[in-house]
Number of protein chains: 2
Amino acid sequence: MCMQHKLDYPQKQFEHAIVAVDVVIFTILDSQLSVLLLELKEAPLTGKWALPGGLVRVDEDCDQAVARHLQEKANVSDIYTEQLFTFSAIDRDPHGRVISVSYFTLAPQDKLHPQTTPRYQGIALHPLSRLPDLAYDHRQIIDTALSRLRSKIEYTNVVYSLLPKEFTLTQLQSTYEVILGRPLDKRNFRKKILSLGLVKSLDRTTAGLAHRPAQLYAFINRKPTFANIL
Amino acid sequence: MCMQHKLDYPQKQFEHAIVAVDVVIFTILDSQLSVLLLELKEAPLTGKWALPGGLVRVDEDCDQAVARHLQEKANVSDIYTEQLFTFSAIDRDPHGRVISVSYFTLAPQDKLHPQTTPRYQGIALHPLSRLPDLAYDHRQIIDTALSRLRSKIEYTNVVYSLLPKEFTLTQLQSTYEVILGRPLDKRNFRKKILSLGLVKSLDRTTAGLAHRPAQLYAFINRKPTFANIL
DNA sequence: CCAAAAGTGTTCAGTATACACCCATGG
DNA sequence: CCATGGGTGTATACTGAACACTTTTGG
């Protein structure tokens, strides 16, 4: 995170670097992989966008700081959260020496309730394909997060965090396709997913749509689990 | 790292956490995967062992801090280094609020020249199978590093950092076996390694040993490269 | 009856695994 | 000649990839 976010942060010289967290919140919005961003207000970064985050308090660890900032800025809790990388370039924040422990999270779009606050000009989900001008090294953080997410979904079940409790196999497949940025073969994908035993079919189907109803499925286990998915 | 390491560090209360690096230096000693540890001198941790590391200065980033501490404590440079995880539990260091950005490195045993310094009682390589009593959360850091190393060698060529420039295929295989903790099939291993084109055979063999001489090989590319090795 | 998404198997190629004997050297 | 590690090939099972048509519903 960046001192810019914290108006109440003392602007004196520090003997040592201070620690903040920055969080890449991924979600799928309109079939696009998107991230939550905040628009900065103060010069010289007015109009640039930044990841949600903030300082780590002396009475909390980084995971707790992430949970707190997620609650404050996106009003979201209980989503998949994983530490990503620690960025420590000396000049990454022009306002002072701030080391950022970055995280990425996955949330279904309907769990995110961005809170506008007077500290920022705006808050919005942006598709990765059209990111606005980003502050600090946040572009690099997002790139790192995307690359980690892409490899992670190949060997774990973490996509459960991006989907509603009940979903169709087509929704599941398209989640994979959006993240990986390439199409997958329908028959091979279904065969593989079903053979892994990670999902169970519910005795219900979609209805009211102008095409054949689809069987609904749910993850048997909504905990991070390893499996060779792709 | 731990304030304990830095006698010159002021023992006052900090407004914020301070940042240190801790480094797991892996090497192979007597066919055992080992780590470099320092024996602490001061109460209440006298006799406990700790990873090399130290504070991050305000004029350096974490990578530079790691290089500096490696140079000071193990007199080693130019080895494979990778950021591992950031540990931030509030009580991980009883002397103060220190967040540790941990790293792991790989070095051939003959590149390590541990320096005894008056600050520590001892410095030594310890096989992972018989670790001494460790200070702070360093046991957890080592466990995390081992687990990362094990998965990393399956899909990259990083073991080149543990081997001398020239090596036999048996040496290479036994490096894998020591890290993974399980035996590998000799014929399948050789077939796979040679088919990947990561190593080239030199026109030289071992000599002077009481058995058939072995062909010497070298890595074509001593840079981290991806490949499905296992 | 048209549009739209759901659902379903087989073939082929490539890769992983299991497995045992002879070779070259020093002592 | 013995001990020690070096070096080699084949058969089988499994997995990943390619590929096209029929079904069910709403409008």
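Per chain, numbering begins at 1; letters A, B, ... match sequence-line order. Since this is a predicted model, take the numbers as computed values, not measurements.
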H211(B) NE2 to dT25(C) C1': how many Å, rounded?
8 Å
Could you check how far CZ of F189(A) sits from C1' of dT15(D), rounded to whole Å?
17 Å
Decide whether Y217(A) and Q215(A) meet the rule of one side-chain donor and one side-chain acceptor closer than 3.5 Å.
no
To the nearest Å, how far apart are L194(A) CG and dG7(C) P?
10 Å
Flag for T206(A)-R212(A): side-chain donor and acceptor within less than 3.5 Å:
no
State, without any angle test, whether Y103(A) and D63(A) hold a side-chain donor-acceptor pair at a distance under 3.5 Å.
yes
Given dT8(D), dT8(C), dA24(C), identify the nucleotide with an atom nearest to the side chain of R190(B).
dT8(D)
Which heavy atom of I229(A) sits nearest to which heavy atom of K192(A), and what is that distance?
O-CG, 3.4 Å
What residues, two or more places apart in sequence or in another chain, satisfy salt bridge (charged side-chain N to carboxylate O under 4.0 Å, His left out) together with R130(A)?
none
Which residues in residues 165-177 of chain A have at least one heavy atom lying under 4.0 Å from any atom of DNA chain C?
T170(A)
Protein within reach of the bases, or only the backbone? For nucleotides 13-22 of chain C, mark each nucleotide 5' to 3' as B, S or -, using heavy atoms under 4.0 Å.
---SBBBB--
Y136(A) and D22(A): side chain donor to acceptor below 3.5 Å:
no
Quick check: on DNA chain C, is the nucleotide nearest T206(A) upstream (toward 5') of the one nearest A207(B), or the reverse? Name the residue that is more 5'.
T206(A)
Among dG7(D), dG26(D), dG7(C), the one nearest A210(A) by side-chain distance:
dG26(D)
Roughly, in whole Å, what's the span from CG in L209(B) to P in dC2(D)?
22 Å
